[in-house]
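In the text below, chain A, chain B and the rest are named by the order of the sequence lines, each starting its count at 1. Keep in mind that this is a model prediction, so the values were computed, not measured.
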Amino acid sequence: MKLLVCISKSPDTTSKIAFSDGNSKFDENGVQYIVNPYDEWYALVRALELKEAGGGTVTICTVGSAVDDAVIRKALAIGADEAVRIDADPTDAYYTAMQIAEYAKSNGFDLVLTGKETINYNGSQVGGMIAEALDIPFVSHASKLDVSGTTATVEVEIAGGVQVCEVSIPAVISCAKGMAEQRIPNMRGIMAARTKPLTIIPAADIQSLTTFVTYDLPNAKSACKMIDPTNMDELVSLLHNEAKVI
Amino acid sequence: MSTLVYISSSNGIGKSAMEVVTYAKKMGGAVTVVTNGGAATSALATLGEYGASKVLVDRAVSENDPQQLTRMIATAAETVGATTVIFSHDLIAKAVAPRLSVRMKAGLVSGAVAVPNGDTVQVNVFSGKAFGHVKINTEKKIISLLANSIQPEAGGSVCSVEEFNGNGGAAAIRVMATKKPEGEIPLPEAELVVSAGRGLKGPENWGIVEDLATALGAATACSRPVADIGWRPHHEHVGQTGVAIRPNLYIAAGISGAIQHLAGVNGSKVIVVINTDPEAPFFKAADYGIVGDAFDVIPRLTEAVKKFKSSN
Ligand SMILES: Cc1cc2nc3c(=O)[nH]c(=O)nc-3n(C[C@H](O)[C@H](O)[C@H](O)COP(=O)(O)OP(=O)(O)OC[C@H]3O[C@@H](n4cnc5c(N)ncnc54)[C@H](O)[C@@H]3O)c2cc1C
Ligand SMILES: Nc1ncnc2c1ncn2[C@@H]1O[C@H](COP(=O)(O)O)[C@@H](O)[C@H]1O
C-alpha cells in the first residue's frame, strides 16, 4: 500500500503567542517548531503501523520552505521512508491543498492521511480540499483506521459519539486522537533520517483564496474574584446577578 | 446579496442552527436554508423566525456523506444564486465546507467568531490564544461559525419549506454502526459545563460532578489524563488535543490549568476554578476562584444551585 502523510509544522504547544509588523505577522522570536501533534502522533504513526502490518511505503509531504527541513527530518526519524517538500510558503489552506493534490495526482497513493487540524490555524480544511480536488472520499476526524483489500474501515467522531463506517480507497482520512500511540524516535531512527531521500519539488501555480490580514490577542482577564469555600450561595448569586450566566 | 445557510436537522433544530441563521440575517440580504434528512416541515418553518425566507430540504441525502452534502449545497447555492454559504463549525462542516470551497472556488474561513466586516472575518487561531482577521479574496465565500459566538435572535415569522432535489448522487460512505450515549447534551453546544481533572482521584468520585451538572443542566467534561487513564469517556476530553468549547460557564474542579487544557476552554465567557492549591495556574485564567477541597466544595455548590433553582 502506498501511503502519503501530510506533515505540517506548528509552534510548540507552550509557545508564547505574539505578533510583529503591526500585528500582521506571527512573531517567531524564540518559538520552537514541532511536527503538528495530530500529524505526528496519529496520522504518521498509524501509517507506519499499516505499513508494518501489510507492507508498502510511507511518504511524507510538506508544503514549506527550507527552514521546515528540520521538522521533516524529525518525521523521517519516526519512521517514514521518504519525504517530499513542495517548495512554497503555505499561504492558505486552499493553496496548500492544491499543491499536495497536484503531487498526489501523479503519484497514485492508496491513502492520504492528514491531521484533524493544525494547532496554529485550527482550520481543519486541507484534507477535505485535497479529497475534492482528487474527487475521492474524505473521512474527517477518524479515531480508528483499518484497511483490508480496497476497503478502509474507519471510526469517526460524530456529535456526542462515534460512528463506524466503510469507504473504498483511495481516500483521504483526517486523523484525531485514538488512532495510534505517540512514538519517540530512537537513535537509529535519527541517524537513518539523515540519509533518507528528501525530494524538493517546485510549487504549482495556484492562487490563494484567503489572506490573514492582522491578528490580535484577547483582552486580558481581570483579576480572579476569590470566594469563601463555605459560602457557595455567594458564588451562585454572583453567577446569577453579576456574570448573568445562570 | 443572497446567503445560503446549511444546517443539520437530523436531531431537530438545535441552537447552532438558530445561531447561523441569525448570523446570515445580520450580514444582510435574503437568507435561504438548505438541509437534509427527516426533520418535520413544521420545525423547519420556525427558522423563519430567525431570518430565513425559505428552507430547502432534500430528504434523499445522508448527513454521513460529505460528498452528497457537498453536491446538494452546491446545487442549492446555484439555484438561489447565493454568493455566501454559512455553516456552523461542527464536525459536519469540517468534512463538507473544505470540499465545497474547492468545488465553488470560494474562499473558506473556518471558526468565525463575529459577523464579517466587509470581506474580512474574525476567527479564532492558535487554539483560542489569539484572533486573526482573514480577508476572503474571492467573490464567493464560505464561513463556518464557532458555536456560542452570537446569540440567536427571533423576531420574524415562520417561512416556507420546499422539498428540494440537490442531486446528491451516490453515497461513498457506508455507515456500519453508530454509538451515541442517549440523552446527553453534546459538549460543543452546551452553555454550561462542569469539568474535573486528576484532583478527583478516581472514577468512582464522579458522582458529585454529575450531581452538580444535573442541578445546573450542564454537560460534563474532563482533562486529558482523566480520559487517557479511562476514568471518563474520550469525547469528554477538552483542550488542545481534545474538544474546544466556549460555553457561557465553565466550572473546573481539580484541574491544574495547563496551557494545553486552557487552549480548549479559554473562549468560555465565565470560568470558575475549584482547587486545593492556591498557586494552581488555572486561577490566572479564572473569573471566580475557590481555594478548597473539591469533595467539600462541589456538594455545597450543588446544594446552593438547587436552593437557587427552587426559589427562582
Ligand atoms: C502536546 C500536548 C497536548 C496536551 N493536550 C491536552 C488537552 O487537550 N487537554 C488537557 O487537559 N491536557 C492536555 N495536555 C496535558 C496537560 O499538559 C496537563 O498535563 C493536564 O491538563 C493535567 O491534567 P489535570 O489538571 O487533570 O491534572 P494535574 O495537573 O495533576 O492537576 C490536578 C490538580 O488538582 C488539584 N487537586 C488535587 N486534589 C484536589 C482536591 N481534593 N480538590 C481540588 N483540587 C485538587 C491539584 O492542586 C492540581 O492542580 C497536553 C499536553 C501536551 C504536551
Ligand atoms: N503546509 C502544510 N504541508 C503539508 N501538510 C499540511 C500543511 N498544512 C496543513 N497540512 C495538513 O493538513 C492538516 C489540516 O490542516 P489545517 O487545514 O490547516 O487545519 C494538517 O494536520 C496537516 O496534515
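- Under a 4.0 Å N-O distance rule, the pair A/Lys225/B/Asp287 does not qualify as a salt bridge.
- Annotation: side chain of B/Val125 is in contact with side chain of A/Phe212 (closest heavy-atom distance under 4.5 Å).
- A distance of 10.5 Å separates CD1 in B/Ile136 from CG in A/Asp92, rounded to the nearest 0.5 Å.
- Within the 4.5 Å cutoff, the side chain of A/Glu166 has no heavy atoms near those of the B/Ile173 side chain.
- Contact annotation for B/Leu192: only side-chain heavy atoms (C-beta onward) come within less than 4.5 Å of a heavy atom of chain A.
- Interatomic distance, A/Phe19 CZ to B/Phe131 CZ, rounded to the nearest 0.5 Å: 10.5 Å.
- Neither the backbone nor the side chain of A/Lys244 comes within less than 4.5 Å of any heavy atom in chain B.
- Heavy-atom distances place the side chain of A/Leu235, and not its backbone, under 4.5 Å from chain B.
- Of the atoms belonging to A/Ile17, it is side-chain heavy atoms, and not backbone ones, that fall under 4.5 Å from chain B.
- You'll find the side chain of B/Leu249 reaches within 4.5 Å of the side chain of A/Ile246, heavy atoms only.
- Heavy atoms of other residues, nucleotides or ligands lying less than 6.0 angstrom from CG of B/Asn312 number more than 12.
- Proximity to chain A (any heavy atom under 4.5 Å) is shown, for B/Ser144, by neither the backbone nor the side chain.
- For B/Ala219, no part lies under 4.5 angstrom from a heavy atom of chain A.
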Given B/Val243 and A/Glu157, is the side-chain contact (heavy atoms from CB on, under 4.5 Å) satisfied, shown in steps? CA-CA 11 Å; B/Val243 190; A/Glu157 294 173 37; 5.6 Å; no
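- More than 12 heavy atoms of other residues, nucleotides or ligands shown are found within 6.0 angstrom of CG on A/Asn241.
- Shown here is B/Lys269, whose NZ atom has more than 12 heavy atoms of other residues, nucleotides or ligands within 6.0 Å.
- When A/Val154, A/Leu239, A/Ile136, A/Asp228 are compared by the number of non-hydrogen pairs under 4.5 Å with chain B, A/Ile136 comes out ahead.
- For A/Tyr94, the part sitting under 4.5 Å from any heavy atom of chain B is the side chain, from C-beta outward, and nothing else.
- Atom CD of B/Glu139 has 12 or fewer heavy atoms from other residues, nucleotides or ligands within 6.0 Å.
- Environment of NZ in B/Lys15: crowded, with over 12 heavy atoms of neighbouring residues, nucleotides or ligands closer than 6.0 Å.
- Side-chain atoms of B/Tyr288 and A/Glu242 include a donor-acceptor pair closer than 3.5 Å.
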Apply the test side-chain contact (heavy atoms from CB on, under 4.5 Å) to residues A/Asp135 and B/Gln67: give CA-CA distance (whole Å), side-chain angles for both, the deciding distance (0.1 Å), then the verdict. CA-CA 9 Å; A/Asp135 197 20; B/Gln67 279 167 295; 4.1 Å; yes
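- Proximity to chain A is limited to the side chain of B/Ile259, based on heavy atoms less than 4.5 angstrom apart.
- Contacts of B/Val123 with chain A are made by side-chain atoms alone, with heavy-atom separations under 4.5 Å and no backbone atom involved.
- A salt bridge links B/Asp228 with A/Lys177; the closest basic N to acidic carboxylate O contact falls under 4.0 Å.
- Using a 4.5 Å cut-off between heavy atoms, B/Ala97 does not touch chain A at all.
- Between B/Phe308 and A/His240, the ring center distance clears the sub-6.0 Å criterion.
- For B/Ser10, no part lies near chain A; criterion is any non-hydrogen pair under 4.5 Å.
- One distance of note links CE of B/Met104 with CG of A/Leu209; it measures 11.5 Å at 0.5 Å rounding.
- By a heavy-atom distance cut of under 4.5 Å, A/Asn120, A/Tyr121, A/Asn122, A/Gly123, A/Ser124, A/Gln125, A/Gly128, A/Met129, A/Ala131, A/Glu132 are the residues of residues 120-132 of chain A near chain B, going up by number.
- Each of A/Ala97, A/Pro218, A/Ala176 has some count of heavy-atom pairs under 4.5 Å with chain B, and the biggest count is that of A/Pro218.
- In this structure, a donor-acceptor pair under 3.5 Å is absent between the side chains of B/Gln240 and A/Thr13.
- Judged purely by distance below 3.5 Å, without hydrogens or angles, the side chains of A/Thr211 and B/Asn137 pair a donor atom with an acceptor atom.
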Report the C-alpha separation of B/Val305 and A/Met232 in whole Å, then their side-chain angles, then the decisive distance to 0.1 Å, and conclude whether the side-chain contact (heavy atoms from CB on, under 4.5 Å) test is met. CA-CA 8 Å; B/Val305 168; A/Met232 286 301 104; over 6 Å; no
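- Contact of B/Ile274 with chain A is not made at all, since no heavy-atom distance falls under 4.5 Å.
- Residue contact with chain B, scored on non-hydrogen atoms closer than 4.5 Å, involves the side chain of A/Glu155 exclusively.
- Side-chain contact check for B/Val134 versus A/Val213: every heavy-atom pair is 4.5 Å or farther apart.
- Heavy atoms of A/Ser222 lying under 4.5 Å from chain B belong exclusively to its backbone.
- A/Asp216 places a side-chain heavy atom less than 4.5 Å from the side chain of B/Gln122.
- Minimum heavy-atom separation, B/Ser127 to A/Ile119: OG-O, 3.1 Å.
- Atoms OG and NZ, from A/Ser15 and B/Lys129 in turn, are 7.0 Å apart once rounded to the nearest 0.5 Å.
- Looking only at side-chain heavy atoms (C-beta outward), A/Ser140 and B/Lys94 come within less than 4.5 Å of each other.
- Residue contact with chain A, scored on non-hydrogen atoms closer than 4.5 Å, involves the side chain of B/Val272 exclusively.
- Of the atoms belonging to A/Thr151, it is side-chain heavy atoms, and not backbone ones, that fall under 4.5 Å from chain B.
- No more than 12 heavy-atom neighbours from other residues, nucleotides or ligands sit within 6.0 angstrom of CD on A/Gln207.
- Of residues 36-44 of chain A, those residues with a non-hydrogen atom less than 4.5 Å from any non-hydrogen atom of chain B are, in numerical order, A/Tyr38, A/Trp41.
- At most 12 heavy atoms of other shown residues, nucleotides or ligands fall within 6.0 angstrom of atom NZ in B/Lys307.
- Annotation: the span from B/Asn64 atom CG to A/Gln163 atom CD amounts to 4.0 Å, rounded to 0.5 Å.
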